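Data first, discussion second: the structure below is written as structure tokens.
All residue numbers refer to positions in the sequence shown, counting from 1. None of these values were measured; they are calculated from a predicted model.
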Amino acid sequence: MSNSSSAPVSLKTRLANGECVNVFAVGRSFHPNQIEMYGLQGGFAGFWIDHEHSGFTIDQIESATRAGRACGLDSFVRVAPTDYALVTRCLESGAGGVMAAQISSPEQAEEFVQWAKFAPRGHRGLNGGGFDGKFGMTPAAEFCRQSNENSFVAIQIETVAAVECCEEIASINGVDHLFIGPADLSQAYGITGQSMHPTLIEAVSRVSAACKAHNKTFGAVTFTPEHASMLIEKGCRLISMTSDVYTFQTGIIATKDKFRNLFS
């Protein structure tokens, strides 16, 4: 993984080129140094920022995306699809894209795309004064064209309703990626935490087929190597296997195991 200060290769570009990418999540105990640690370790192409659960400020999102760019990592932000202005603020803060949580219909997904895209595809408010407009240095028409072409838009599939209409969601122009949330999806099916349950595997298969039919990619959160192998076998190309919290917890467990005589 490149650690240079040049602009990172975007996740959207990597996926379009057929790459499989590893990402991590920033969700609770964020500090820019943590992102730099992931980058220096190598092996990750980017990360996603969980605004849905943590409510990061714009300053924090800007700081996170800046730290990512410094070590070659692209990023996108997960948001609840309830606030048009938040979507554009995330893009202006330097995130390479946005992801809508808790989507249940093609109409919701279409609205989210329109929030993220300038005319004629959408109705995002034009403000080139953020990072994505090079702080006003990109001419307006060129900025709009570049943003519509390059911004990454993902839709989460984590409700039963979303699975049932995933083909329609995948067909939407401007949706680049479907992202499976197995924890919420298992809860929705009444099999909480059972990521390898046949019902969830069937849902993954349906999302995979929808994405293949419409030339889109899909990704997912994963919790075990077995689950990750299943996802990859079904064509998953973006794998999120850890986060700031899980990495920290894993480190504590490893330390206690290493010095187990001190924790007897």
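- Residues passing the side chain to side chain donor-acceptor pair (under 3.5 Å) test with Asp257 are Arg260, sequence neighbours excluded.
- Here the OG1 atom belonging to Thr222 is positioned 6.0 Å from the CD1 atom belonging to Ile239, to the nearest 0.5 angstrom.
- Atom NZ of Lys134 is surrounded by more than 12 heavy atoms from other residues, nucleotides or ligands within 6.0 Å.
- Counting only heavy atoms from C-beta outward, the side chains of Asp244 and Phe47 never approach each other to under 4.5 Å.
- Interatomic distance, Glu158 CD to Ser104 OG, rounded to the nearest 0.5 Å: 8.5 Å.
- Atoms CG and CG, from Leu91 and Asn150 in turn, are 11.5 Å apart once rounded to the nearest 0.5 Å.
- Salt bridge annotation for Glu110-Arg121: present, with a cationic side-chain nitrogen under 4.0 angstrom from a carboxylate oxygen.
- Between the CD atom of Glu62 and the SG atom of Cys90 there is a distance of 10.5 Å, given to the nearest 0.5 Å.
- With a 6.0 Å cutoff to the six-membered ring centre and a 45° limit on the axis angle, Lys256 does not count as a cation-pi contact of Phe259.
- Note: the hydrophobic cluster containing Trp115 does not contain Met99 (ILVMFWY, side chain heavy atoms under 4.5 Å, direct or indirect links).
- Within a 6.0 Å radius of OH in Tyr246, no more than 12 heavy atoms belonging to other residues, nucleotides or ligands are found.
- Within a 6.0 Å radius of CD in Glu142, other residues, nucleotides and ligands contribute more than 12 heavy atoms.
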Walk me through it: do Asp132 and Arg124 pass the test salt bridge (charged side-chain N to carboxylate O under 4.0 Å, His left out)? CA-CA 13 Å; Asp132 58 343; Arg124 178 184 168 191; 2.7 Å; yes
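- At least one donor-acceptor pair under 3.5 Å links the side chain of Arg237 to the backbone N or O of Glu19.
- Side chain of Thr88 to main chain of Tyr84: no donor-acceptor pair is present (N/O by atom type, distance under 3.5 Å, no hydrogens or angles).
- The cationic group of Arg69 lies under 6.0 Å from the six-membered ring centre of Phe131 and within 45° of the ring axis, placing it in a cation-pi geometry.
- The shortest distance between side-chain heavy atoms of Gln187 and Thr192 falls below 4.5 Å.
- The hydrophobic clustering, which links ILVMFWY residues whose side-chain heavy atoms are closer than 4.5 Å, places Val204 and Ile157 together.
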Got a list of side-chain donor-acceptor pairs under 3.5 Å for residues 24-37, not counting sequence neighbours?
{"unit_1": "His31", "atom_1": "ND1", "unit_2": "Asn33", "atom_2": "N", "d": "3.0"}
{"unit_1": "Gln34", "atom_1": "OE1", "unit_2": "His31", "atom_2": "N", "d": "3.0"}
{"unit_1": "Gln34", "atom_1": "NE2", "unit_2": "Ser29", "atom_2": "O", "d": "3.1"}

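- A side-chain donor-acceptor contact under 3.5 Å links Thr242 and Thr247.
- Remark: side-chain polar atoms of Thr159 are not paired, donor with acceptor, to backbone N or O of Gln102 under 3.5 angstrom.
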For residues 161-168, which side-chain donor-acceptor pairs fall under 3.5 Å, sequence neighbours excluded?
{"unit_1": "Glu164", "atom_1": "OE1", "unit_2": "Arg206", "atom_2": "NH1", "d": "3.3"}
{"unit_1": "Glu167", "atom_1": "OE1", "unit_2": "Arg206", "atom_2": "NH2", "d": "3.3"}
{"unit_1": "Glu167", "atom_1": "OE2", "unit_2": "Arg206", "atom_2": "NE", "d": "2.8"}

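- To the nearest 0.5 Å, atoms OG (Ser93) and CD1 (Ile61) are separated by 5.5 Å.
- Using a 4.5 Å heavy-atom cutoff, the side chains of Leu73 and Pro8 are not in contact.
- Side-chain contact check for Phe152 versus Leu15: some heavy-atom pair is nearer than 4.5 Å.
- Put simply, the side chain of Ser195 never gets that close to the backbone of Pro182: no donor and acceptor are under 3.5 Å apart.
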